[in-house]
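Below, chain A is the first sequence line, B the second, and so on; all start at residue 1. Just so you know, these numbers come straight off a predicted model, no measurement behind them.
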Amino acid sequence: MNDTIRHDIKTLTGGSVAFGEFVEVRGWVRSRRDSKAGISFLSIYDGSCFDPIQAVIPNNLANYQDEVLRLTTGCSVIVEGKLVESQGKGQTHEINAQRVLVVGWVEDADHYPVAKKRHTFEYLRQVAHLRPRTNAFGAISRIRTTVCNAIHRYFHERHFHWVNTPIITASDCEGAGELFRVSTLDLMNLPKDPAGRIDFQEDFFGREAFLTVSGQLNAEAYALALSKVYTFGPTFRAENSNTSRHLAEFWMVEPEVAFADLQDNAWLAEDFLKYLFTCILDERQDDLAFFTQYIDAQVTGRLESLVTSEFELMEYGEAVRILEGYHKSFEFPVRWGLDLQSEHENFLSETHVGRPVVLINYPAEIKAFYMRLNDDGRTVAAMDVLVPGIGEIIGGSQREERLDVLDSKIARAGLAGDMEWYRDLRRFGTVPHAGFGMGFERFINYVTGMENIRDAIPFPRTPKHALF
RNA sequence: ACCUAGGUAGCUCAGUCGGUAGAGCGUGUGACUGUUAAUCACUAGGUCGGCGGUUCGAGCCCGUCCCGGGGAGCCA
């Protein structure tokens, strides 16, 4: 196993393995090119890095005619040979093969769904089990890994605690969207109470249960003891959203910090995002080069400028005034007290500012009950981070820590008595605290230039789609 | 039971006025070459999304269903 790890392609081409050493590579064939010089070239990838390694296969190998010349894109192979400096252009290392073992053939090569050509992402979604074999999805997968690790590293270095908040929740007032029901009741034979309603006391949890739409409320409980916490896990929204930026199942990062206000929150969001940008630039230059060449020419340059430029901090009221100046060009009205539409958010981040915008202090009426009421009595300490091309990548707020204010907002929102444990957090040693949620797949799209969020997650779940 | 444009070869698409189905890429064969998304030549590959209708005749017109996009709303 040690040998296997040492000899992935990233290691072989990374400089730590000496030329002349006998090595083995295990992977899949990207392409085969034959030369009349008596050799064939195999490009082999194993997912460890963007570039494949080139294996030079001499025609005197025993299985050259019968097997090597029949290799096509997608075949799995093990190649043993000597690691040498490449004689050709385009790579530093290559393997002079002494043995080629074909592990798995591609049957019916002309119908192999992932041919050695460009495919549309719409098509690849229909073969989601095979699309990780493409350059694009290999690159996306590696960037996801890099960002996941960077997220944990960022918080770990700053003494945040990773809190694994529940996937199943009994709270139907998380307020972030429609919920998926979790139940073991027999749908064909539902138990009823005397009033004729479904009797959820008979259900698995003895009450209605759902998949979480946010770990925030639970994270608050831990922030009010451990000071700095975050959640990172799957999130479920049963909204009938059919757009390039919505998934029914997605991953979300939610830091929550005690003794913090909205300014702290905005600063954390910007510092956090810049840290992630830097990590991608440091670790994934190979994949970024691919996205820059084939997907979005601005990708690398944008990341480089983002880590050094300040995000624009803007009051909701100021945003409204700006947008009102362009009123004629919008389909939807702009007025203080109305929520901003996608066209408005896009205008602010893409056209007016040209980089991420942190919008703060929204009208209380259009935001969730747990957001802290500002002294003006009509706005709450909410913030949205808007980025060009994606829109809202982060949403957060300072939380209402005053019990009396929270109670009035709970009452106004019509939320019932399930909030007792949440109220306890204000009854026993309450402190100002704040946090936000970042959509992981939206972040992936932003840093890769990919346009559809269904291509930012391995197996996307959207309305009417739960294949694979 | 929102708006919009689509479905034609393995993939990406063209197809004029309703009149015998086309290209590129990929696959296969051959040529050439330390090649590298190679290049060149040739071959194969089709129930034009399904069903129904109009017509002498439908890829094209009509109805209906299915599929995958883009947009809106909701939000991360």
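- The environment of A:Glu451 atom CD is sparse: at most 12 non-hydrogen atoms of other residues, nucleotides or ligands sit within 6.0 angstrom.
- Using a 4.0 Å heavy-atom cutoff across all strands shown, A:Tyr294 reaches at least one base atom of the nucleic acid.
- For the pair A:Arg158 and A:Tyr275, the cation sits on the ring face: its NZ or CZ lies under 6.0 Å from the ring centre, inside 45° of the axis.
- A:Glu220 and A:Tyr370 share no side-chain donor-acceptor pair at under 3.5 Å.
- A:Asp34 comes within 4.0 angstrom of a nucleotide base, judged by non-hydrogen atoms across all strands.
- Using a 4.0 Å heavy-atom criterion, one finds that A:Ser43 contacts no nucleic acid atom at all.
- A:Asn135 comes within 4.0 angstrom of nothing in the nucleic acid, heavy atoms only.
- For the pair A:Phe250 and B:rA76, the ring geometry qualifies as stacking, because the centroid separation is below 5.5 Å while the planes lie within an angle under 30°.
- Summary of the strand contacts: A:Glu441 and A:Arg32 both lie near RNA chain B, and taking for each the nucleotide with the nearest heavy atom, the more 5' one is attributed to A:Arg32.
- Residue A:Lys36 is classed as a base contact, given a heavy-atom separation below 4.0 Å to a base.
- Note on A:His246: a base of the nucleic acid sits closer than 4.0 angstrom, heavy atoms only.
- Sorted by first and then second residue, the ring-ring contact (aromatic ring centres under 6.0 Å, His included) pairs with a member in residues 443-468 of chain A read A:His129-A:Phe468, A:Phe277-A:Phe443; sequence neighbours excluded.
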